[in-house]
Every structure is written in structure tokens, then in C-alpha cells.
Amino acid sequence: MLNMERSKELFTMAREIIPGGVNSPVRAFKAVGMDPLFIKKAKGSRVCDVDDNSFIDYVCSWGPLIMGHAHPQVVAAICRAAELGTSYGAPCKGEVELAQMICEAIPSIEKVRMVSSGTEATMSAIRLARAYTGRNAIIKFAGCYHGHADSFLIKAGSGLLTAGVPNSPGVPAALAQQTRVANYNDIDSVARIFDQSSDVAAVIVEPVAGNMGLVLPEPGFLKALREITEQYGALLIFDEVISGFRFCYGGYQNITGITPDLTTLGKIIGGGLPVGAYGGKQEIMDLIAPEGNVYQAGTLSGNPLAMAAGIASLKLLQTDNFYHELEATAANLTNGLKKILADHHLKYSLNHIGSVFCLFFTSEQVADYISVLSCDTVKYADFFRSLLKEGIYFPPSQFELCFVSSAHQTEDIQNTLLAVDKVLDKIS
Ligand code: HOZ
């Protein structure tokens, strides 16, 4: 039995004064039928809760912590920056340095604007696309999630998919009508929208969909998106908030060779501090104020602590063999999971790429929103709770990713596989 006495006390207090007791919905553990853990500290591959339970962590703050928790060089960079002041509301050197690193790593980004979250990045990117094209509509994909700005809360993934309410009240109908929804991996569904409307400003897509579990782009899908957006004079926006610097030193676009007009980033580029960024062709980016008139601003944009954490993280990612070793660790885990599934005669789908994976409790091949919906979420919840008791922390939702970090050691992987084997034996 997991002792959760202190977590429960804190949750009771939190619910009195914070909606749902949490500051971001999935954290409430509602989808897995238990109260949330309150985390006290984290280091490397492990998180430790307020009741002193320690877990091998595959949430990794939902993606930023590619080097694990509290990496000494990242922490040192943050501390050094903090000594010099925590926020200036004025330009600082770190902003220039991080912008240079991003532009060098992702060639489609000629200019970049730093913001404080992925939501701000995507919201600003579509404003910019609308201004540049003089059009109003956007196309997004069912099950993709681009943060919580009004235009994106339509057939959205992540917390909305987890809660089973993919649209949000409070979004004006007139604005919602400007968001057209296509099916991931289905270029015909995109073509149909373009055929019916000459008002599409942009197509926004997660090049690796990571908010309805993990759905990989089928061969040719991203290329076809590039072609169709060019054909109709719309912009292509790659939301690389999760995929940016996750699979290589750059975006997933560096791997595919597909060049979007705009890219949004977040998570890893902030090294665990609140950061987002959007960037792309100079001609488009120069419409942003004060160069142009498209307004976007932020008190904490380019914050010196976040810039220091981001710079330190990106420097570490340049270490020889970083991605090779990380992906070898992840492959040990995913190969082990496949073997366990086979041993148990379970036909669950395991999608994986690089250092991320998702075990779907369905026998269908998961390639889009519809197949994602076939998952047995009750069984996933049982799996999650049982794993937690074994000291393994998977995401508290079937529709989120597992992240492997470079801090995960062989022993962590072995312990995880032993736990999964035991748990699947019991629940399947
Ligand atoms: N929507 C985030 C995962 N895709 C969760 C953010 C959080 O709760 O921290």
C-alpha cells in the first residue's frame, strides 16, 4: 500500500482554494481514479513525494527534463543567473545567446521571439499567420493540442481528451468557427477543407503528435502538408513544443527535411523553467511589434533565469552521442515492453520514437484520433495505480507520453520492466 497521508492532506487544503486542487488539470489524477501525489523533491530519474515515496519518473515534467531532474549544470546556471537578478523587464544577453542557438539549430527559424509558455507561442504564431496572410481560419488536427488559447480548444488532445470534453465552454462560437478540424495522417481531410475555403491562414500540426498518446506521422504526411499549404497560399506551422530538441539537436523538421514557415517551441529550450518561443522566416517575423504592428508582449518574456536554464540545457545536448545514448536507453525499455506484451499474449499497441513512447490499451494500431479513442482507459487507470505502488510513475492519463531522460539508468529500466511484468500479470 502506498502511504499518501500528507499528499491527501495537501490535496484537501488545495481543493478549498485552487480549482480542482491543481494548477493544471491532468495533475489531479482524476482519470486514474485516485488523489494526486504532491512532490517534495526530484533528482535525476526520480521524484519523491511529501510522504517520502520515491518513484522512477516517466513524466519528467511533461517533456522539458530530457536530462532528468535538477541536472547540476542547469541548476548551477539558474543559481548564477538568480544572483544577478530574477527579472529585468529589459533586454539581457541570455536572450540573444539562446535565440542564436535556436536559429543555428533550426534553419527554418531566421528570427525567434521568446515567450513564457507553449500556449503563448502557438497563440502568437496564429495571430502572426493571420496578419501575414490576411485570412482568418486555421486548420488543426483532431487530438492535437497546442495549449489552451481559444482557437485551439476544439477537438483538442491532452487534458481535454483525458477529461472526455475535447471542446471548452467559454470559447466564442464565432472564433471556434474559424478553427477547422482535419484528421491526423489524412491529407484528404485537409484537402477537403482547402477546397471549401479560401480563408485558411495556416495549418498547425504537431509533427509528432504527443498529446493523444503518441501518434507518429505516416510517411509522406508532413510533406503533403507542406505541398498543400504552398498550393493554397497558407502558412505551415510546426508545433514543436514537445518535439523540439527531443529527437535531435534541432526540431523534428531537421530529421524530416520539411521546412515549415513558423515553428513553436517550449519545454526543453527552457530546461525546466517557464519558456516558449516562436520563430520562422524573417519576412513573417518582422511583422511583430515593434518592427511591425502585430502585437505581442510579456513581462517575463526572455526572463534571465529561463534563458540561463535553456542555454545550459542546449549546451549539454551538444555533448557527443547524447541522443544516441538516450535513445539506446529508451530502446532497452521499449524492446523490453514489447517482449513482456508478447509473453503475456497481450496485443496492446506500443508507439515509440526516440526517447518517447506510449502504451495504448487497445489492440488497434494507433494512427489517429479515432483509433486513440478505442483505448480501454479503465484498464490504463488500473495499470497506472498498480505501477505507482511498484515505484514507477507513468503519466496519469492514457493520452499522454512517457518520457525517458538521460538520467534514466540501466537499473531504472530493469526495475521498470520487472514492475510492468508483475503488474500486467495481475491486471490482464
Ligand atoms: N497538458 C500538459 C501535458 N500535455 C500537462 C501540463 C501539466 O499538468 O503540467
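Order of listing sets the numbers, starting from 1, for every ligand and every atom in it. Just so you know, residue 1 is the first one in the sequence shown, and it goes up from there.
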Could you list, one pair per line, each nitrogen or oxygen of ligand 1 together with any protein nitrogen or oxygen closer than 3.5 Å, giving atom names and the distance rounded to 0.1 Å?
unit_1: ligand 1; atom_1: 1 (N); unit_2: Ser158; atom_2: OG; d: 2.9
unit_1: ligand 1; atom_1: 4 (N); unit_2: Ser158; atom_2: OG; d: 3.0
unit_1: ligand 1; atom_1: 4 (N); unit_2: Asn211; atom_2: OD1; d: 2.9
unit_1: ligand 1; atom_1: 4 (N); unit_2: Glu400; atom_2: OE1; d: 2.9
unit_1: ligand 1; atom_1: 8 (O); unit_2: Ser24; atom_2: OG; d: 2.8
unit_1: ligand 1; atom_1: 8 (O); unit_2: Arg27; atom_2: NE; d: 2.9
unit_1: ligand 1; atom_1: 9 (O); unit_2: Arg27; atom_2: NE; d: 3.0
unit_1: ligand 1; atom_1: 9 (O); unit_2: Arg27; atom_2: NH2; d: 2.8
unit_1: ligand 1; atom_1: 9 (O); unit_2: Trp62; atom_2: NE1; d: 3.1

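For residues 213-225, the set of pairs meeting the salt bridge (charged side-chain N to carboxylate O under 4.0 Å, His left out) definition, not counting sequence neighbours, comprises Lys223-Glu227. The salt bridge (charged side-chain N to carboxylate O under 4.0 Å, His left out) analysis of residues 248-273, with sequence neighbours excluded, yields the pairs Arg226-Asp261, Asp261-Lys281.
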Side chain to side chain donor-acceptor pair (under 3.5 Å) assessment of Glu240 paired with Ser243:
CA-CA 5 Å; Glu240 299 231 41; Ser243 59; 2.6 Å; yes
Go through it in stages, so that I can follow the logic: the residues are Leu418 and Asp421, the test is side chain to side chain contact (heavy atoms under 4.5 Å, CB included), and I'd like the CA-CA distance, side-chain angles, deciding distance and then a yes or no.
CA-CA 5 Å; Leu418 284 174; Asp421 194 24; 5.7 Å; no
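For the side chain to side chain donor-acceptor pair (under 3.5 Å) test, no residue two or more places apart in sequence or in another chain qualifies with His148.
The closest side-chain heavy-atom distance from Gln398 to Met212 is not below 4.5 Å.
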